[in-house]
Number of protein chains: 2
Amino acid sequence: MPDSKPMTDDEIHREILEAILDGRLAPGEKLGQDELGKVFGVSKTRIRPVLHRLTDQKIVTIEPMRGAFVARPSVEEARAVNAARQIVEEGVIRAATRAAQPKHITQLREAVAEEQRARSRGDTGQAHRMTGEFHCELARVTGNDVVVELVRELVSRDSLVVALYQRPASSGCSLGGHADLIDKIASGDEDAAAHAMRHHLQDVMASLDLGGEARKAPSLAAAFSHLGNRR
Amino acid sequence: MPDSKPMTDDEIHREILEAILDGRLAPGEKLGQDELGKVFGVSKTRIRPVLHRLTDQKIVTIEPMRGAFVARPSVEEARAVNAARQIVEEGVIRAATRAAQPKHITQLREAVAEEQRARSRGDTGQAHRMTGEFHCELARVTGNDVVVELVRELVSRDSLVVALYQRPASSGCSLGGHADLIDKIASGDEDAAAHAMRHHLQDVMASLDLGGEARKAPSLAAAFSHLGNRR
DNA sequence: GCAAGAATAATCGTATACGATAAGGACATT
DNA sequence: AATGTCCTTATCGTATACGATTATTCTTGC
């Protein structure tokens, strides 16, 4: 069954986005229009708007007349996104602290537990995704869908940053960070929660390796290192 | 000179966006693809992605197989956008208060002065735009471009809301609100600034008429009222 | 005279076709 | 042998063409 259904634009968008966020498409990778069109069984006419949309989300970079590539955010952009998260999510956690009800606390704790389970299971991909999802869950406590989408967008961009700059041995987010955030929210101390959030995001940033050059693009030498030097 | 240059996608996007935000294109108005294509001297192929981009920004609504229209945000969405602004801009003004330097204060005061000048000049369109621009200027104090873009997006959506729901006699934003915000920032009292921001945005919301139905779409009867009833 | 249905017209969504631009390789030159 | 230039090829960006769906109008019956 090569093509069961035509597949809607949003589905194609979600599919490509998830592939990138899950790391199945590495930063710098080429996203050919005809190639993707064949993958999804549609013409490149349908692919084009999706690529543009991903470009607006800063997940994809379009180089004129050259094509679309999975974005490789610069160190400056990485810092900017993290700083933006500090600013926005401070407002989020303050609002969440003010709005939090017992059921929200249990929901958040459950999300952390699930994240921990995935991590101990060794499923780093799922764990990483849950890490981002926790922040969305936090935004959801505010009861505001607009904020949730904003946070989701920022978290997506940050996922790319992590994929590019995380240290090889690093397992990801600081382990106890999220549990601590929940405690602060549950205590109702808005300032403490905001403080914890800022430092949590700073910790994430500090765990990255922004000093050296970005993880090399999947280009040539690295991709074909198993062949050895032939000449 | 019908078509001097082909005009880039971003230019077309900016042009349509400004037309909507300036109120030259009222909420609910039809945005035909061929029609816009003729306006900008290009084919509808170029118009389509722009319309989709505006749809992602919630400035335009696309009804499948019917066409694109200037968005008419519902009352629920209006409340959600305003609530989101309260959450996000609380974080923004806190960061701005922490980062503010004397030059920033003078810049902000200058922005308010310009806004007041436009208002006393009777240029409500420019005044309204400056009102939004002030909040972007505030975000710029944080030195973070990502945050500026986020705020700009929210402000754009709010502009549509105001265009739809503002009371006929209302002149717009509360006059002294912005000056008060600057005072709080200059004082360095982060909590006071945050508090002022939340109430400022609540005041804007309160000045709207969300009880009744939305401003009627510019459809038929209104557009051709100058012809009188013919039949 | 009015309402319901059918035919026409207009517009959207998608695919295909074509010109333009940049990458990759062959050949000539130093 | 290495480098620079030209040519071929592949891919992007845009326009045009066509099928599908909806709005409008005209006709017909009540």
Side-chain angles (χ1 to χ4, degrees), chain A residues 2-13 15-16 25 28-56 59-72 217-221 223-224 227 229-231, chain B residues 2-16 25 28-56 59-72 217-224 227 229-231:
Chain A
D3 44 354
S4 47
K5 321 173 191 177
M7 214 174 190
T8 190
D9 290 13
D10 286 336
E11 287 173 326
I12 296 176
H13 175 263
E15 209 65 39
I16 298 178
L25 289 171
E29 200 146 337
K30 174 82 181 279
L31 300 173
Q33 299 179 356
D34 293 313
E35 179 186 353
L36 287 171
K38 288 181 70 173
V39 168
F40 292 105
V42 298
S43 183
K44 68 176 181 180
T45 312
R46 307 272 314 275
I47 300 297
R48 208 160 217 308
V50 174
L51 254 27
H52 276 90
R53 188 170 163 191
L54 288 166
T55 300
D56 284 340
I59 301 299
V60 162
T61 304
I62 290 182
E63 301 184 21
M65 279 300 179
R66 279 195 19 101
F69 305 84
V70 179
R72 304 181 74 249
S219 59
L220 302 344
F224 300 115
L227 294 176
N229 273 346
R230 291 304 180 85
R231 61 179 61 206
Chain B
D3 45 355
S4 47
K5 317 174 192 178
M7 213 174 191
T8 191
D9 291 12
D10 286 335
E11 286 173 327
I12 296 176
H13 175 263
R14 282 180 55 89
E15 208 66 39
I16 297 177
L25 288 171
E29 200 146 337
K30 175 81 181 280
L31 299 173
Q33 300 179 355
D34 294 313
E35 180 186 354
L36 287 171
K38 288 180 70 172
V39 168
F40 293 105
V42 297
S43 185
K44 67 175 181 179
T45 312
R46 307 271 316 276
I47 300 296
R48 213 162 210 306
V50 174
L51 253 28
H52 276 89
R53 188 170 164 191
L54 288 167
T55 301
D56 284 340
I59 301 299
V60 161
T61 303
I62 289 182
E63 301 184 21
M65 279 301 180
R66 279 193 21 100
F69 304 85
V70 179
R72 305 182 72 250
S219 57
L220 303 343
F224 300 115
L227 295 176
N229 273 347
R230 290 302 181 84
R231 61 179 62 205

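Below, read A as the first sequence line, B as the second, and so on, with proteins coming before strands; counting in each chain starts at 1.
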Say you draw a straight line from [atom1] of [X] to [atom2] of [Y]; how long is it, rounded to the nearest 0.5 Å?
{"X": "B/Glu15", "Y": "B/Met7", "atom1": "CD", "atom2": "CE", "value": "4.5 Å"}
{"X": "A/His52", "Y": "A/Arg48", "atom1": "NE2", "atom2": "CZ", "value": "5.0 Å"}
{"X": "B/Thr55", "Y": "B/Ile62", "atom1": "OG1", "atom2": "CD1", "value": "3.5 Å"}

Taking the side chain as C-beta and beyond, is there a heavy-atom pair between A/Leu51 and A/Gln33 under 4.5 Å?
yes
Please say which of A/Leu31, A/Ile16, A/Ile59, A/Leu54 ends up in a side-chain contact (heavy atoms from CB on, under 4.5 Å) with A/Val70.
A/Leu31
Interface polar pairs with nucleotides 10-19 of chain C, N/O, under 3.5 angstrom:
{"residue": "C/dC12", "atom": "OP1", "partner": "B/Gln33", "partner atom": "N", "Å": "3.2"}
{"residue": "C/dG13", "atom": "OP2", "partner": "B/Gln33", "partner atom": "NE2", "Å": "3.0"}
{"residue": "C/dG13", "atom": "OP2", "partner": "B/Arg48", "partner atom": "NH2", "Å": "2.5"}
{"residue": "C/dG13", "atom": "O5'", "partner": "B/Arg48", "partner atom": "NH2", "Å": "2.7"}
{"residue": "C/dG13", "atom": "O6", "partner": "B/Lys44", "partner atom": "NZ", "Å": "2.9"}
{"residue": "C/dA15", "atom": "OP2", "partner": "A/Ser43", "partner atom": "N", "Å": "3.4"}
{"residue": "C/dA15", "atom": "N7", "partner": "A/Thr45", "partner atom": "OG1", "Å": "3.2"}

